[in-house]
J.: 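Quick one: the structure is below, questions incoming.
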Amino acid sequence: MEMPGVAAGVALALILIIVNLAGQCSGQLQFGFYNGKCRDGNGFQRKVEDIVKQKVKEKFSSDTTIVAALLRMQFHDCFVNGCDASILLDVPNGEKTAPPNLSVRGYEFIEDIKTEIENTCPGIVSCADIIVMATRDAVVESDIKKMGTGWYPVQTGRRDGRVSSAQNVNLPSPSIPVPQAIAAFSSKKLSTIDMVYLLGGGHSVGVAHCGLFENRLYDFKNTGNPDPDPLKSSSVDKSFFEQIRLGNGILEVDQQLAVDSNTRFPVARIAGSNDFSFQFGRAMIKLGAVDVKIGRDGEIRKKCAAVNSPSRSSGGNFFNLFG
């Protein structure tokens, strides 16, 4: 078993590598973008990430399922028009109304964090950044061994989008063949390895809705037999990979990761590795940099559910990979 001190030292060294390299591939996003930019009404500086961290800690203490909810929300947001919090907008025929997003939750919690920050330093922090920061902090809270291995740095500086349309929601389905899933992730400049880590981390916690795997429960591939029940984890860790190697994947795409020629070797390596948290964090940083709005693009919303000025949207329908 890896000693906590050694693990922490290795994690710190790897995180420093991320901090030095990640800026090369994510435009003007920065680590510590809000440092020194948030002052309360008395003129005292407040650390934005600390505000988010405390809100997540309080939420997790009463609802551990918030981890899976936020992971899913970030994926659904970033895969459609980039990481711009467009999924949060309450508009007619917006992204929230698309079938893949009908079971996404956590909207009120993100708004709660936004309200707390707006009451402290209004007009500074984007909703898009709040999603990314809160997701990271939820992953940390899920670290049941409390070794600090779930932490990864997040880049900030995103601005919020003004458009949200259900027609734009075109997410990979839970039964998509692995080669097509690879192509979908590649279109977002995410590698096959990124995909494996993101799916593994996202599916290691929470539950899937019955409609996404009902065919596998009762008559998988016309065998007349159900798939085995998967073991569950309350922590974002490598347990997902250990279970799919045993045939315990709950979604069809999950199980195919363990046997497809493109992914079976990475799955085997991850299942026996000690660096899951670092690699998962690296993939999440890349996901958080997908098609971001920075500089003068977008806006800093006053409320996450509404743009600061009117915009139109329209409808559409698709299914999604994150359940």
J.: Which heavy atom of L257 sits nearest to which heavy atom of V178, and what is that distance?
T.: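 Of all heavy-atom pairs spanning L257 and V178, the closest is N-CG2, 4.1 Å.
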J.: Answer yes or no: does atom NZ of K188 have more than 12 heavy-atom neighbours from other residues, nucleotides or ligands under 6.0 Å?
T.: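 Counting other residues, nucleotides and ligands, NZ of K188 exceeds 12 neighbours.
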J.: To the nearest 0.5 Å, how far apart are CG in L199 and CG in D194?
T.: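 Result: 10.5 Å between the selected atoms.
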J.: With a 4.5 Å limit on heavy-atom distance, are the side chains of L190 and L287 in contact?
T.: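 A side-chain contact exists here, since the closest heavy-atom pair is under 4.5 Å.
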J.: Starting from I113, can I reach I300 by hopping between I/L/V/M/F/W/Y residues whose side chains sit under 4.5 Å apart?
T.: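 No, it is not one cluster - the side chains of I300 and I113 are not joined through contacts under 4.5 Å.
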J.: Which residue, V91, L88, N93, I87, forms the side chain to side chain contact (heavy atoms under 4.5 Å, CB included) with S164?
T.: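 Only one of V91, L88, N93, I87 forms a side chain to side chain contact (heavy atoms under 4.5 Å, CB included) with S164, namely V91.
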J.: To the nearest 0.5 angstrom, please state how far the CD atom of E58 sits from the CZ atom of F109.
T.: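 It is 8.5 Å, given to the nearest 0.5 Å.
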J.: Taking side chain as C-beta onward, heavy atoms only, is V259 less than 4.5 Å from Q256?
T.: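 They are in side-chain contact.
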J.: Under a 4.0 Å threshold between the charged nitrogen and the carboxylate oxygen, would D84 count as salt-bridged to R301?
T.: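 Salt bridge: no.
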J.: Give me each pair satisfying side-chain hydrogen bond (donor to acceptor under 3.5 Å, both in side chains) with a member in residues 105-117, each pair once, sequence neighbours excluded.
T.: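 Pairs touching residues 105-117 that pass the test: K55-D112, T65-R105, K114-E118.
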J.: Just say parallel, tilted or perpendicular for the rings of F185 and F75, cut-offs at 30° and 60°.
T.: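 Plane angle between 30° and 60°, so tilted.
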J.: Got P153 and I285 here, is their nearest side-chain heavy-atom distance under 4.5 Å?
T.: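 The answer is yes, as the side chains (C-beta and beyond) meet within the 4.5 Å cut-off.
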J.: For the atom pair SG (C83) and CD (Q155), what is the distance rounded to the nearest 0.5 Å?
T.: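 Between atom SG of C83 and atom CD of Q155 there are 11.0 Å.
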J.: For a 4.5 angstrom cut-off between non-hydrogen side-chain atoms, does T263 reach M195?
T.: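 Side chain of T263 against side chain of M195, heavy atoms only: contact under 4.5 Å found.
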J.: Go through it in stages, so that I can follow the logic: the residues are D275 and R269, the test is salt bridge (Lys or Arg N to Asp or Glu O under 4.0 Å), and I'd like the CA-CA distance, side-chain angles, deciding distance and then a yes or no.
T.: CA-CA 10 Å; D275 65 347; R269 191 202 72 79; 3.8 Å; yes
J.: Quick one, I130 with V125, criterion side chain to side chain contact (heavy atoms under 4.5 Å, CB included). Give me CA distance, side-chain angles, the key distance, then yes/no.
T.: CA-CA 7 Å; I130 291 174; V125 182; 3.9 Å; yes
J.: Tell me whether the NZ or CZ atom of K238 lies within the 45° cone about the ring axis of F276 and under 6.0 Å from its centre.
T.: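 Ring-cation test returns no.
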J.: Judged by atom type as modelled, is there a donor-acceptor pair below 3.5 Å linking the side chain of D160 to the main-chain atoms of A85?
T.: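 No, because the side chain of D160 does not come within donor-acceptor range (under 3.5 Å) of the backbone of A85.
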J.: CZ of R159: more than 12 outside heavy atoms within 6.0 angstrom?
T.: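 More than 12 heavy atoms, drawn from other residues, nucleotides or ligands, come within 6.0 Å of this atom.
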J.: Roughly how far, to the nearest 0.5 Å, is the CG atom of N308 from the CD atom of E299?
T.: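 The distance works out to 4.0 Å.
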J.: With side-chain hydrogen bond (donor to acceptor under 3.5 Å, both in side chains) as the rule and sequence neighbours excluded, what pairs involving residues 33-46 come up?
T.: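 Qualifying pairs, neighbours excluded: Y34-D129.
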J.: Does the side chain of I270 reach to within under 4.5 Å of the side chain of Q279, using non-hydrogen atoms?
T.: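 When only atoms from C-beta onward are counted, Q279 and I270 do not touch, as no gap falls below 4.5 Å.
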J.: Would you mind checking if D90 and K96 are paired as a salt bridge, meaning a charged N to carboxylate O distance below 4.0 Å?
T.: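 Result for this pair is yes, salt bridge flagged.
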J.: Which residues pass the side-chain contact (heavy atoms from CB on, under 4.5 Å) test with A138, not counting sequence neighbours?
T.: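 Result, side-chain contact (heavy atoms from CB on, under 4.5 Å) vs A138: V56, V67, L70.
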J.: Under a 4.5 Å cut-off applied to non-hydrogen side-chain atoms, are V48 and M133 in contact?
T.: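 Answer yes - side chains close enough.
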J.: At what distance, to the nearest 0.5 angstrom, does CG of D291 lie from OG of S187?
T.: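 OG of S187 is found 9.0 Å from CG of D291.
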J.: Would you name the heavy atoms of S86 and V163 that are closest together and state the gap between them?
T.: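 For S86 versus V163, the nearest heavy atoms are CB-O, 3.3 Å.
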J.: What's the shortest heavy-atom distance between L29 and G288, and which atoms?
T.: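 That closest heavy-atom pairing would be CD1-O, 4.0 Å.
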J.: Below 4.5 Å, heavy atoms only, C-beta onward: do V52 and I117 meet side chain to side chain?
T.: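 Yes, their side chains come closer than 4.5 Å.
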J.: Which atoms form the tightest heavy-atom contact between G157 and I294, and what is the distance?
T.: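 Heavy-atom minimum between the residues: O-CG2, 3.7 Å.
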J.: Taking C-beta and beyond as the side chain, do M284 and L71 meet within less than 4.5 Å on heavy atoms?
T.: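 When only atoms from C-beta onward are counted, L71 and M284 do touch, with a gap below 4.5 Å.
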J.: Show, in sequence, the C-alpha distance, side-chain angles and deciding distance for R282 and Y152, and conclude whether the side chain to side chain contact (heavy atoms under 4.5 Å, CB included) test is met.
T.: CA-CA 8 Å; R282 177 179 172 277; Y152 56 91; over 6 Å; no
J.: Between CD of E141 and CZ of R136, what distance do you get to the nearest 0.5 Å?
T.: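 Output value for this atom pair is 11.0 Å.
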J.: M73 vs T135, test: side chain to side chain contact (heavy atoms under 4.5 Å, CB included). Steps then yes/no.
T.: CA-CA 9 Å; M73 178 186 288; T135 300; 6.0 Å; no
J.: Measure across F280 and Y197 and return the closest heavy-atom pair with its distance rounded to 0.1 Å.
T.: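 Nearest heavy atoms, F280 then Y197: CD1-O, 3.4 Å.
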J.: Could you check whether any side-chain N or O of R72 sits under 3.5 Å from a backbone N or O of S103, counting only pairs where one atom can act as donor and the other as acceptor?
T.: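 A pair under 3.5 Å: yes.
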J.: I need the minimum non-hydrogen distance between L89 and C304, along with the two atoms involved.
T.: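 In this case the closest contact between L89 and C304 is CD2-O, 3.8 Å.
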J.: Donor-acceptor check, side chain of S186 to backbone of A183, threshold 3.5 angstrom: yes or no?
T.: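 Checked: no pair found.
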